[in-house]
2 protein chains.
Amino acid sequence: MSYVVGIVGATGAVGQELVRLMRERNFPLSQLRLLASSRSAGKTIQVGDEKIVVEEAKPGVFADIDVAFFAAGGGVTRALAQDAVAAGCLVIDKSSALRMRDDVPLVIPEINPEQLQSHGGIIANPNCSTAVMLMGLWPLHQTFGLKRIFVSTYQSVSGTGAEAIDELDAQVRASVAGEAITSRVYPHQIAYNCIPHVDTFGADGYTGEETKMAQESRKIMGLPDLKVSATCVRVPVLRAHSIAVSAEFERPVDLTAARAAVAAFAGAELIDDPANNRYPTPLECAEHVRCGVGRLRIDTALDNGISFWVSGDNLWKGAALNAVQNAELMIREGWLAAKAASAAV
Amino acid sequence: MSYVVGIVGATGAVGQELVRLMRERNFPLSQLRLLASSRSAGKTIQVGDEKIVVEEAKPGVFADIDVAFFAAGGGVTRALAQDAVAAGCLVIDKSSALRMRDDVPLVIPEINPEQLQSHGGIIANPNCSTAVMLMGLWPLHQTFGLKRIFVSTYQSVSGTGAEAIDELDAQVRASVAGEAITSRVYPHQIAYNCIPHVDTFGADGYTGEETKMAQESRKIMGLPDLKVSATCVRVPVLRAHSIAVSAEFERPVDLTAARAAVAAFAGAELIDDPANNRYPTPLECAEHVRCGVGRLRIDTALDNGISFWVSGDNLWKGAALNAVQNAELMIREGWLAAKAASAAV
């Protein structure tokens with residue numbers, strides 16, 4: 001069985017990773033269709049030996065598509081996802097637009113795969129920081145029972161998109177050349193700086209990103225009472241987000257069991273040998289399938305607490321990879337139907 | 001009254017800031033003597049209109065010096081501070097070597113100035129991250145009564161020293177030029193990266209920096225039972241450290257009182273208008289006397305909790321400035337004796 005796959009937002013940072021992962025992971029494709037805004041329509045993108053012409057993402061385009069990965073913003077999802085669903089196309093959405101809807105499963109396949117079975121045509125992918133963090137938290141939760149977390153993020157500019165990667169690069173080049181530095185994507189210079197402002201501010205003083213980390217962690221892990229305190233910060237890193245976590249558990253903790261649980265978890269790679277300078281860094285964990293988890297230690301301000309550090313690729317586990325993994329699992333389990341046209345290929 | 005001042009480690013990053021601050025703040029100098037290792041002795045350093053020849057820091061050199069700022073490492077302090085004290089010279093030490101000794105006051109003048117009155121010849125300065133953090137915490141503690149903190153740092157490379165500033169610069173230039181990147185100062189590349197490793201690791205999995213933040217916060221604020229959970233991280237920022245703090249208090253909190261307390265505190269500048277993208281950043285707070293405090297909000301995982309973000313210059317409030325402020329206060333209060341030779345000037 002193979003499938004006609006559409007990528008909406010194919011020219012963006014996540015879209016490009018979806019194209020790459022489709023090929024590298026031998027996704028069973030009968031056809032790959034690249035969709036983007038009218039501005040990008042007509043461009044050609046080289047995919048392996050093939051040149052694919054970008055089509056405009058618009059109503060009606062999903063008729064022959066089995067699975068559409070939405071990798072554009074929430075506005076595009078709101079405008080087009082329902083049309084895709086009506087055309088019998090499964091939508092796997094990167095945006096935050098529909099994540100908290102009761103009829104939309106929010107899935108990390110290593111955590112809540114069973115929720116892929118029952119959906120209304122749309123599967124949501126988590127926020128990038130949440131996905132990376134849970135690759136460390138979930139195995140610890142399963143071992144000790146999670147109650148409360150305090151987290152601070154160190155988020156790369158690729159989470160904002162290709163234009164932010166360009167902005168950091170341009171600012172660094174201007175700095176090296178001794179030229180004036182300008183900012184357009186971020187409200188402040190990001191080169192040689194940290195900006196405690198990811199997404200927009202709410203009336204409670206928290207950013208959307210911080211609120212998402214709380215709400216999505218609860219939904220994905222099925223822990224409606226989980227207490228979450230988050231500070232989200234943009235740092236001058238190109239790729240991979242890192243998160244410092246202090247976690248409080250129901251039951252007594254021990255580090256041997258904690259490390260064993262992380263090491264055994266499919267979403268994590270245990271990198272935890274500080275004596276030899278081994279701990280995760282974003283540079284090391286970029287373009288890795290598993291998120292690096294390390295610096296596990298008994299938390300000094302909590303009863304039954306563990307602190308740790310996790311780094312993971314925001315474009316992969318935080319976006320494109322998780323989406324592809326969701327689709328792969330649905331195929332493996334027989335939960336994804338192919339339309340006649342493509343199923344016959 | 002004016003004083004003969006010595007700067008030990010005058011050629012380093014903090015030593016250079018001490019030289020600059022002495023001049024900019026019109027410190028009552030009768031003479032400025034620059035001391036460094038034998039390797040730097042004989043060099044001349046331009047200070048205003050004057051060229052000062054660097055002397056070797058060695059026993060015997062402190063006979064005519066009233067105040068010596070030690071801005072080299074702990075090894076130099078351990079080797080020479082006692083000799084300076086024996087010569088009747090007040091030592092104001094940047095290193096961590098003596099900070100936790102019972103007979104050494106550890107002082108931030110906005111917090112515990114009274115401890116400058118009674119000492120054995122040595123005043124210690126706090127760790128840079130601790131000093132910056134307390135500029136936000138102390139006014140909140142005074143208002144609500146502090147119990148526990150969860151903190152993550154975003155520390156600039158200048159905290160490591162001039163050689164680390166050079167390393168970040170060289171790595172960025174190599175990256176821009178498409179050349180190979182090498183690391184000598186840090187165990188991993190710092191450009192475009194975050195390294196959760198500041199100071200050396202202890203057996204409990206915490207770094208020295210993390211342990212210092214706990215111990216020194218307790219000593220300076222006089223809170224021996226304060227619970228502290230810290231994660232310290234080096235980020236590719238040149239100057240100024242930032243800290244994300246979740247703080248739990250004895251008494252109910254409210255943000256109006258919290259902001260008023262921060263705004264009224266001499267060590268802090270309240271920068272807290274997120275709707276207009278106003279919050280502290282390291283770039284903005286570098287070379288500022290006051291540390292920027294913002295993003296004040298009710299913590300979502302604590303009873304009586306407030307979260308905030310603080311950025312402050314690690315070379316200034318975190319080192320040289322705090323040292324100079326300690327000396328200035330001692331002069332103002334009449335606690336600093338000048339030796340006859342200089343007092344006569």
Side-chain angles (χ1 to χ4, degrees), chain A residues 148-152 154 156 168-169 172-173 175-177 187-189 191-197 201 204-207 210 214 227-231 233 235-239 242 244-246 248 255 274-275 277 279-284 294-302 305 307 309 311, chain B residues 148-152 154 156 168-169 172-173 175-177 187-189 191-197 201 204-207 210 214 227-231 233 235-239 242 244-246 248 255 274-275 277 279-284 294-302 305 307 309 311:
Chain A
R148 177 160 66 162
I149 53 175
F150 299 87
V151 304
S152 300
Y154 301 68
S156 70
L168 173 56
D169 186 59
V172 163
R173 285 172 188 274
S175 170
V176 165
H188 305 278
Q189 176 183 326
Y192 308 106
N193 205 9
C194 296
I195 307 178
H197 176 181
F201 284 100
D204 59 1
Y206 285 85
T207 59
E210 290 157 357
K227 288 184 180 173
V228 179
S229 170
T231 302
V233 182
V235 295
V237 167
L238 289 165
R239 187 164 175 161
S242 304
V245 183
S246 285
E248 184 179 41
L255 291 177
N277 298 326
Y279 34 72
T281 67
L283 213 53
E284 174 173 352
R295 293 221 53 205
L296 286 155
R297 57 207 195 275
I298 299 297
D299 190 274
T300 44
L302 288 168
S307 291
W309 170 263
S311 297
Chain B
R148 176 159 69 160
I149 52 175
F150 299 86
V151 304
S152 301
Y154 301 69
S156 72
L168 173 56
D169 186 59
V172 164
R173 285 173 188 273
S175 169
V176 165
H188 304 278
Q189 176 182 326
Y192 308 105
N193 205 9
C194 296
I195 307 178
H197 176 181
F201 284 99
D204 59 1
Y206 285 86
T207 60
E210 289 157 358
K227 288 184 181 172
V228 179
S229 170
T231 302
V233 182
V235 295
V237 166
L238 289 165
R239 188 164 174 161
S242 304
V245 183
S246 285
E248 184 180 42
L255 291 176
N277 299 325
Y279 35 72
T281 68
L283 213 54
E284 175 172 353
R295 294 221 54 204
L296 286 155
R297 58 207 195 274
I298 299 297
D299 189 274
T300 43
L302 288 167
S307 292
W309 170 262
S311 297

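Residue numbers start from 1 in every chain, and the chains themselves are labelled A, B, ... in the order their sequence lines are given, proteins ahead of strands.
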Toward chain B, the part of A:L283 with a non-hydrogen atom under 4.5 Å
both
Is a side-chain donor or acceptor of B:Y192 paired with a backbone partner of B:S175 at a separation under 3.5 angstrom?
no
Check each atom of B:L168 against the heavy atoms of chain A and say whether the ones under 4.5 Å are side chain, backbone, both or neither.
side chain
B:I298 vs A:D204, side-chain contact (heavy atoms from CB on, under 4.5 Å): CA-CA, chis, key distance, verdict
CA-CA 8 Å; B:I298 299 297; A:D204 59 1; over 6 Å; no
Is it the side chain or the backbone of A:T207 that comes within 4.5 Å of chain B heavy atoms, both, or neither?
both
Quick check: do B:C194 and B:V235 have side-chain heavy atoms less than 4.5 Å from each other?
yes
I need the residue from A:V228, A:I149, A:V151, A:L238 with the largest number of non-hydrogen atom pairs under 4.5 Å to chain B.
A:V228
Taking atom CZ of B:R297 and atom CZ of A:F201, what is their separation to the nearest 0.5 Å?
8.5 Å
Heaviest contributor of heavy-atom pairs below 4.5 Å to chain B, chosen from A:K227, A:H197, A:Q189, is A:H197
Can you find a heavy atom in the side chain of A:S307 that is under 4.5 Å from one in the side chain of B:F150?
no
Derivation of the side-chain contact (heavy atoms from CB on, under 4.5 Å) call for B:S152 and A:T231
CA-CA 9 Å; B:S152 301; A:T231 302; over 6 Å; no
Under 4.5 Å from any heavy atom of chain B, what part of A:T281 do you find: side chain, backbone, both or neither?
both
Does A:S242 offer a backbone N or O that forms a donor-acceptor pair with the side chain of A:W309 under 3.5 Å?
no
Heavy-atom pairs under 4.5 Å with chain B are the metric here; pick the option from A:A191, A:G205, A:A244, A:P196 that has the most.
A:P196
Heavy-atom distance under 4.5 Å to chain B: side chain of A:N277, backbone, both or neither?
both
Just how far is it from atom CG of B:L302 to atom CZ of A:R148, taken to the nearest 0.5 Å?
5.5 Å
Note: vs chain A, highest number of non-hydrogen pairs under 4.5 angstrom among B:V172, B:V233, B:N193, B:V176 is B:N193
Please look at A:A230 and chain B and tell me whether the side chain, the backbone, both or neither of the residue comes under 4.5 angstrom of a heavy atom of that chain.
backbone
Residue from A:S311, A:P282, A:P187 scoring the most non-hydrogen pairs under 4.5 Å with chain B is A:P282
Heavy-atom pairs under 4.5 Å with chain B, option from A:R173, A:E248, A:R239 with the top count
A:R173
